[in-house]
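Take a look at the structure below.
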2 protein chains.
Amino acid sequence: MDRLDRKLLNLLQRNAARTNADLADEVGLSPSSCLRRIRKLRRSGIIDRTVAILNAAKTERRLKALVTVELELHGEHHMRRFLDLAVAEEAVSQAYAVTGEVDVFLTLRLRDMEEFDALCDRLFRDQTNVARFNTMMVIRTGKDDTAIRL
Amino acid sequence: MDRLDRKLLNLLQRNAARTNADLADEVGLSPSSCLRRIRKLRRSGIIDRTVAILNAAKTERRLKALVTVELELHGEHHMRRFLDLAVAEEAVSQAYAVTGEVDVFLTLRLRDMEEFDALCDRLFRDQTNVARFNTMMVIRTGKDDTAIRL
DNA sequence: GCCTTCGTGCAATAATATTGCGCCAATGAG
DNA sequence: CTCATTGGCGCAATATTATTGCACGAAGGC
């Protein structure tokens, strides 16, 4: 893991569609060396996968909502159960167990508020062990990076 | 935008490294047709970009923190100023203006708590117009998808 | 019913990835 | 200090994959 590997990773996190020769040129390596490095980074698992990122605005799921959830019962078992429930939802794109005043944090991708309503029914009411939840709708996006700076 | 386009987008959001012939086969098209569709999806902007996703655990920035921020002054101007400040930070990977009890939401990628401390100094103290902030450290990740289900 | 438009598959071609090989620098043992 | 070993490099050949030209057929407008 030297300077060149880091440089490659930074570049690939911004654009993984570039040709190998192009990348090689930018980092100052031959195409073959460059490719071998990238392959090693893949095999080692540092590069988990490469994916297409959609422009959410041109999608039906335009709305982004952030939800904090406080559980009624806090045992490991109950936490796991709620997370499983959340993960199974198509609208849920991130689900974390967190420290602090709340227990779980969710990011939602929503078509409209009706979908949100239906989701609330499934996740936050009845027998789902939720004491309280608080929703923030995203008004403006300042930044939305998938990259991890090395 | 028909069923095949959606199928392609769903596949590419999971793995954009597959060969065109492979994709074509899975959706039931010829390679040429498949490629032309994908190119159109790119040009139309629905596909914004394709990127490498790293395994954060194998990275130096292992810690993920979520921060809600309440501003002192709420004018559009002040909001913009704070967001700009946040966006400029390498550790900030998401920055949103939101509705609800707080004004701004941030996702951080941190090396350690020292980096967090330094970031707090820059973003939350002194003259940055922050009334209050609340940090949640991510304990467990249930889901962390970049995909938007179509 | 005919014409236009659009998307398709096939096959040829162009671009790109991948591999074999010989070379050099760094490292460690004797 | 020297020599063998290891690992990574570039070059050039080869294999894979993307891309394009073309002819065909279905759907919709007139």
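These numbers were taken from a predicted model, which means no experiment stands behind them. Below, chain A is the first sequence line, B the second, and so on; all start at residue 1.
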Using atom [atom1] of [X] as one end and atom [atom2] of [N] as the other, report the distance to the nearest whole Å.
{"X": "A/Lys40", "N": "C/dA17", "atom1": "NZ", "atom2": "C1'", "value": "19 Å"}
{"X": "B/Leu41", "N": "C/dG7", "atom1": "CG", "atom2": "P", "value": "12 Å"}
{"X": "A/Leu23", "N": "C/dT16", "atom1": "CG", "atom2": "C1'", "value": "13 Å"}
{"X": "B/Asp25", "N": "D/dA18", "atom1": "CG", "atom2": "P", "value": "13 Å"}
{"X": "A/Asn20", "N": "D/dA15", "atom1": "CG", "atom2": "C1'", "value": "15 Å"}
{"X": "A/Asp2", "N": "D/dG7", "atom1": "CG", "atom2": "C1'", "value": "13 Å"}
{"X": "A/Asp5", "N": "D/dG8", "atom1": "CG", "atom2": "P", "value": "10 Å"}
{"X": "B/Leu35", "N": "C/dA15", "atom1": "CG", "atom2": "C1'", "value": "12 Å"}

> Contact class for A/Arg37 (heavy atom, under 4.0 Å): base, sugar-phosphate, or nothing?
Replying inline: sugar-phosphate
> Looking at C/dG9, does its base get a donor-acceptor pair with the side chain of B/Arg36 below 3.5 Å?
Replying inline: yes
> Below 3.5 Å, does any donor atom in the side chain of B/Ser32 face an acceptor in the base of C/dC10, or the other way round?
Replying inline: yes
Any side-chain N or O of [X] less than 4.0 Å from the OP1 or OP2 oxygen of [N]?
{"X": "A/Arg18", "N": "C/dA15", "answer": "no"}
{"X": "A/Arg39", "N": "D/dG8", "answer": "no"}
{"X": "B/Thr19", "N": "D/dT17", "answer": "no"}

> Are B/Lys143 and A/Glu89 ion-paired here, with the side-chain N under 4.0 Å from a carboxylate O?
Replying inline: no
> Charged N to carboxylate O under 4.0 angstrom, B/Arg37 versus B/Asp2?
Replying inline: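 Salt bridge between B/Arg37 and B/Asp2, a charged N being under 4.0 Å from a carboxylate O: yes.
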> Of B/Gly28 and A/Pro31, whose nearest nucleotide on DNA chain C comes first from the 5' end?
Replying inline: B/Gly28
> Where the side chain of A/Glu60 meets the backbone of B/Leu150, is there a donor-acceptor pair that is under 3.5 Å apart?
Replying inline: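 Between the backbone of B/Leu150 and the side chain of A/Glu60 there is no qualifying donor-acceptor contact (under 3.5 Å).
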>> As a quick check of understanding, evaluate salt bridge (charged side-chain N to carboxylate O under 4.0 Å, His left out) for B/Arg109 and A/Asp145, giving each step before the final call.
In response: CA-CA 11 Å; B/Arg109 292 281 193 183; A/Asp145 264 15; over 6 Å; no
